[in-house]
S.K.: 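Okay, handing you the structure first.
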Amino acid sequence: MALPVTHHTEHAITVAAAARRVFGLIVDVGRWPETFPPTVHVEHVERGETQERDGAGRSRGGRRDGPVSADTVVTGLGVVAPTGLGHEEHWANTLRGTSAIGPVTRFDAARYPSGLAGELPGFVPEEHLPSRLLPQTDHMTRMALVASDWALADAEVDPAALPEYGMGVVTAASAGGFEFGHRELQNLWGRGPSHVSAYQSFAWFYAVNTGQVSIRHGLRGPAGALVTEQAGGLDALGQARRQLRRGRPMVLAGAVDGSPCPWGWVAQLSTGRMSEETDPTAAYRPFGAGADGYVPGEGGALLVLEDEESARARGATRCYGRIAGYAAAFDPPPGSGRPPNLLRAARAALDDAGLDPEDIDVVFADAAGTREEDTAEADALRALFGPHGVPVTAPKTMTGRLSAGGSALDVATALLALGEGVIPPTVNVGRPRPEHTLDLVTTPRRAPLAAALVLARGRGGFNSAVVLTNPH
């Protein structure tokens, strides 16, 4: 049965058409070997392509002539997290060790074995977004749009003043707009096809954040979307870095994720890894003796990434740090008897950054929260740094695991830590299991911080690592 054509339908078709232009540039998951070879991928520096230049000295396509620098800098942060709206509030609560994990409020979770989550405090989309966007967007996309606004404002970037193709967008998501899709499926089953929103055609899509952010800000440069679950936030930054090294001056990248609805909840429950603990202080304790699962959450971070020379040329006033290294690795097939490849990804990221393990001052761990996965990560860290060889922290114990948004938020938090010279704590764990031999940071720790390693793993065998360095 065809939906009646209304002004809402026509608008949805217009948005979908614009989104298809963006999505047509998305990394095709069916052809990932071009971007992520089967084992390890490490970036390589390329030279910018010469094209017709505009009055600002850049090509109409936004690429700069001649060689590009090897340095990718972060000049803007947009954070939406259970620990705070905006990076300043998030950082203050993180340093205080304020956990945002509590009972689910976005739906009735009483019938489910797990009922805790990290939810955004006081997020009212109507206070941040025009009313026309609300009917066409999922909760996840609304968070991403606000994060994009804040990141661009923080970087003091006016997209309208850029060359037409001068800025791209790369995001990651674990699934897409689950809450929107759940509601429209209920309408389909309970009220009939004529009650299904025309916006369902794209609001559910895992790439919708890239499309909507691009449309909102007029960002017509290279676009991409990645689906590597928890590792997605790092992979989005790696993909953005690749675009910068091809001569693009600026990319907005990262991940904002979350599916706080029954459909999304059941999908996570199916993994068998969610904690069923009812005490928020005991539910998510990675590396601890009581570790028995994770708590999900919502949110993440979008970052403005620039080529350092480009940032300097435009007079950027802020640099949070450099993305000095990135690598991704796939685990071998289950049952192969071969070890997982988190260690391989970490080593490759260090090689890409030109650093040795002793140059790393802190590790932001993936911190899966299950005994098996925690042991595998601890083994990788011990092999790389030695027993108790480097401070390790997991601030996500305050937010829960935010799917693709979690690793992007870890990068934002790590950059703030580098700038402040403070390692944020891992909460609710106490002492880690002694066999892990980790120097787990459980209270804020002041230290000279020049470089940080951020790790992430996604279901299906994804492993990613990013090396960040202090710009000063």
S.K.: Do you know which two heavy atoms are closest between T94 and P424, and how far apart they sit?
M.R.: CG2-CB, 3.6 Å

S.K.: For A231 and F462, work out which heavy atoms get closest and say how close.
M.R.: CB-CB, 4.1 Å

S.K.: Measure the CD-CG distance between Q230 and L455 for me, rounded to the nearest 0.5 Å.
M.R.: 13.0 Å

S.K.: Looking only at heavy atoms, what is the nearest atom pair of A236 and V170, with distance?
M.R.: O-CG1, 3.6 Å

S.K.: Can you tell me how far the CG atom of L244 sits from the CG atom of D71, to the nearest 0.5 Å?
M.R.: 11.0 Å

S.K.: Just verifying a value: how many Å separate T171 OG1 and L252 CG, rounded to the nearest 0.5 Å?
M.R.: 9.0 Å

S.K.: Quick check: does any side chain N or O of Q243 sit under 3.5 Å from a backbone N or O of Q239, one acting as donor and the other as acceptor?
M.R.: no

S.K.: Give a yes or no answer on whether the side chain of T72 reaches the backbone of R241 with a donor-acceptor pair at less than 3.5 Å.
M.R.: no

S.K.: Please confirm whether the backbone N or O of L219 pairs with a side-chain atom of S214, one donor and one acceptor, at under 3.5 Å?
M.R.: yes

S.K.: If you round to the nearest 0.5 Å, how far is CH2 of W150 from CG of L77?
M.R.: 12.5 Å

S.K.: Before you tell me yes or no, could you show the steps for L129 and V146 under side chain to side chain contact (heavy atoms under 4.5 Å, CB included), namely the whole-Å CA-CA distance, both residues' side-chain angles and the distance that decides it to 0.1 Å?
M.R.: CA-CA 7 Å; L129 299 172; V146 172; 4.0 Å; yes

S.K.: Specify whether F123 and H128 have parallel, tilted or perpendicular ring planes, treating 30° as the upper limit for parallel and 60° as the lower limit for perpendicular.
M.R.: parallel

S.K.: Keeping E377 on the side-chain end and D366 on the backbone end, is there a donor-acceptor pair under 3.5 Å?
M.R.: yes

S.K.: Any carboxylate oxygen within less than 4.0 angstrom of a Lys/Arg side-chain nitrogen, looking at R245 and D307?
M.R.: no

S.K.: Locate the shortest heavy-atom distance separating R322 from N470; write the atom from each residue and the value.
M.R.: NH1-O, 3.9 Å

S.K.: T426 vs T397, test: side chain to side chain donor-acceptor pair (under 3.5 Å). Steps then yes/no.
M.R.: CA-CA 6 Å; T426 305; T397 48; 5.1 Å; no

S.K.: Give a yes or no on whether the backbone of A365 and the side-chain of K396 come within a donor-acceptor separation of less than 3.5 Å.
M.R.: yes

S.K.: Within this structure, what is the CG-CG distance for the pair D361 and L453, rounded to the nearest 0.5 Å?
M.R.: 11.0 Å

S.K.: For E156, does its backbone N or O pair with a side-chain atom of D158 as donor and acceptor, under 3.5 Å?
M.R.: no

S.K.: Rounded to the nearest 0.5 Å, what's the gap from OG on S407 to CZ on R457? Could you check?
M.R.: 12.5 Å

S.K.: Please check if atom CD in E89 has more than 12 non-hydrogen atoms from other residues, nucleotides or ligands closer than 6.0 Å.
M.R.: yes

S.K.: For G405 versus D257, what's the shortest heavy-atom pair and its separation?
M.R.: N-CB, 3.6 Å

S.K.: Can you see which heavy atom on A417 is nearest to which on L449, and at what distance?
M.R.: O-CD1, 3.4 Å

S.K.: With no hydrogens and no angle check, is any side-chain donor or acceptor of N463 less than 3.5 Å from a backbone partner on A328?
M.R.: no

S.K.: Going by side-chain contact (heavy atoms from CB on, under 4.5 Å), V467 matches just one of D359, I360, D351, D352. Which one?
M.R.: I360

S.K.: Got a list of side-chain donor-acceptor pairs under 3.5 Å for residues 96-106, not counting sequence neighbours?
M.R.:
residue, atom, partner, partner atom, Å
R96, NH2, N93, OD1, 2.6
S99, OG, I101, N, 3.3
T105, OG1, E119, OE1, 2.4
R106, NH2, E179, OE1, 2.9
R106, NH2, E179, OE2, 3.0

S.K.: Begin from the C-alpha positions of R314 and E306 and carry the test salt bridge (Lys or Arg N to Asp or Glu O under 4.0 Å) through to its verdict.
M.R.: CA-CA 10 Å; R314 77 170 180 88; E306 298 188 60; 2.7 Å; yes

S.K.: Is there a side chain to side chain contact (heavy atoms under 4.5 Å, CB included) between V295 and R401? Walk through the geometry before answering.
M.R.: CA-CA 6 Å; V295 172; R401 290 176 68 80; over 6 Å; no

